Protein chains: 2
Amino acid sequence: MSNTELKGTVKDIFSAYLEQNGHRKTPERFAILAEIYDYEGHFDVESLYVKMKNHNYRVSRATLYNTIDLLIACNLVRKHQFGKNLAQFEKSHSSKQHDHVILTDSGEVIEFCDPRIQQIKATIEELFNVDINHHSLYFYGTKKATPKK
Amino acid sequence: MSNTELKGTVKDIFSAYLEQNGHRKTPERFAILAEIYDYEGHFDVESLYVKMKNHNYRVSRATLYNTIDLLIACNLVRKHQFGKNLAQFEKSHSSKQHDHVILTDSGEVIEFCDPRIQQIKATIEELFNVDINHHSLYFYGTKKATPKK
DNA sequence: TTCTTTGCAAATGCTTTGCACCCAG
DNA sequence: CTGGGTGCAAAGCATTTGCAAAGAA
């Protein structure tokens, strides 16, 4: 699957979401979607704002926040708060479900996958009679002084 | 173990931490520690501020933030960001390690424990050669419409 | 045309900072 | 004494809101 096809899919999902919820399909919304899916890792609103300015696209921060909320609502974007006051975001469609290790000294963020999370999720749903929509798991730590043997 | 003894222990831990790090043992710091350990669940800075005002203790918000940072540094307090911009805190000493389920419709927070987290933690430490200091796991969901059978 | 969405700027609200005074060591 | 700590108020900064103008349906 090429990147172009992927983007097409994502655009369709967003388009369908907007339609089903009586929101208008404005060029700003699709331009923002495209810029976000151009990111590889995490980004914050300010960085996205600058990125679009550099691409000569005129958007207001208000519209960015507004559109990101819509994208979160249709699961195309995920929001993170790595302990800071600055919200971080990342695309979530067709990127493998993953969680994060944050190195508190360097600020580095490592991604990982562990299937046991899904088992815990199933237990929680059963135990508390809830439907889990999504989760976030962060491990905070530091690099070991001793090298891996 | 009585609550009084527990508080004594906590006070000693904080006292030792302050001493070892060249911080002064001010009455404000211990008063704030006591108020925080009087909470059962989560709290935010504003609520703590009001609580201390009501107990006729005069503190500034600046001191609250400052002291909470110290308490986090010696693992007596944990910080949470339940997706909001408002930081939430809770005492962490001798309260069983637990994680949270957030019901996104009602805002209710449920606590749970699952030993599999520790297994995942061990895997992560080995895999990435890191020391994990702590973690946070949040499940976001809603109550099931159908009642438990 | 109608009414949502946008951009801009002002407002909000949590948190941090500057500074003079205070007090623990 | 001395330098870190405190209260207070002002400043910072991410995010939200108000409003007139734009444009999707």
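Any value given below was found using the heavy atoms of this structure, including those in side chains, with hydrogens, waters and symmetry copies removed. All chains are named by letter (A, B, ...) in the order of the sequence lines, taking the proteins before the strands, and each is independently numbered beginning at 1. All figures in this text were calculated on a predicted structure; none of them were measured in a lab.
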Legend entry - Worked check of side-chain hydrogen bond (donor to acceptor under 3.5 Å, both in side chains) between Asp99(A) and His135(A): CA-CA 9 Å; Asp99(A) 291 290; His135(A) 76 268; 3.0 Å; yes

Legend entry - Candidate pair Lys51(B) and Glu35(B), rule salt bridge (charged side-chain N to carboxylate O under 4.0 Å, His left out), full reasoning: CA-CA 8 Å; Lys51(B) 191 165 180 283; Glu35(B) 292 285 348; 2.8 Å; yes

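A heavy atom closer than 4.0 Å to some atom of DNA chain D occurs in Ala62(A), Tyr65(A), these being the qualifying members of residues 46-68 of chain A.
Atom CG in Leu70(A) sits about 14 Å away from atom P in dT4(C), given to the nearest Å. Phe30(B) places its CZ atom 13 Å from the P atom of dG5(D), with the value rounded to the nearest Å. Note: CG (Asp44(B)) to P (dG13(C)) measures 14 Å, nearest angstrom. Atom pair Gln81(A):CD and dA14(D):P shows a separation of 13 Å (rounding to whole Å applied). A straight line from CZ of Phe89(B) to C1' of dT15(C) spans 10 Å, rounded to a whole angstrom.
The shortest side-chain heavy-atom distance between Ser136(A) and Phe82(A) does not fall under the 4.5 Å cut-off. Between Gln88(A) and Phe43(A), every side-chain heavy-atom pair lies at or beyond the 4.5 Å cut-off.
Aromatic ring centres of His80(B) and Phe89(B) lie farther apart than the 6.0 Å criterion allows.
Side chains of Arg116(A) and Thr123(B): a donor on one and an acceptor on the other come within 3.5 Å.
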Legend entry - Letter per nucleotide, 5' to 3', of nucleotides 20-25 of chain D [B base touched, S only sugar-phosphate touched, - untouched; heavy atoms, 4.0 Å]: ---BBS

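The two residues Ser92(A) and Tyr37(A) make their nearest non-hydrogen contact at N-OH, 3.7 Å.
For the pair Glu108(B) and Lys143(B), the salt-bridge criterion is met [side-chain N within less than 4.0 Å of a carboxylate O].
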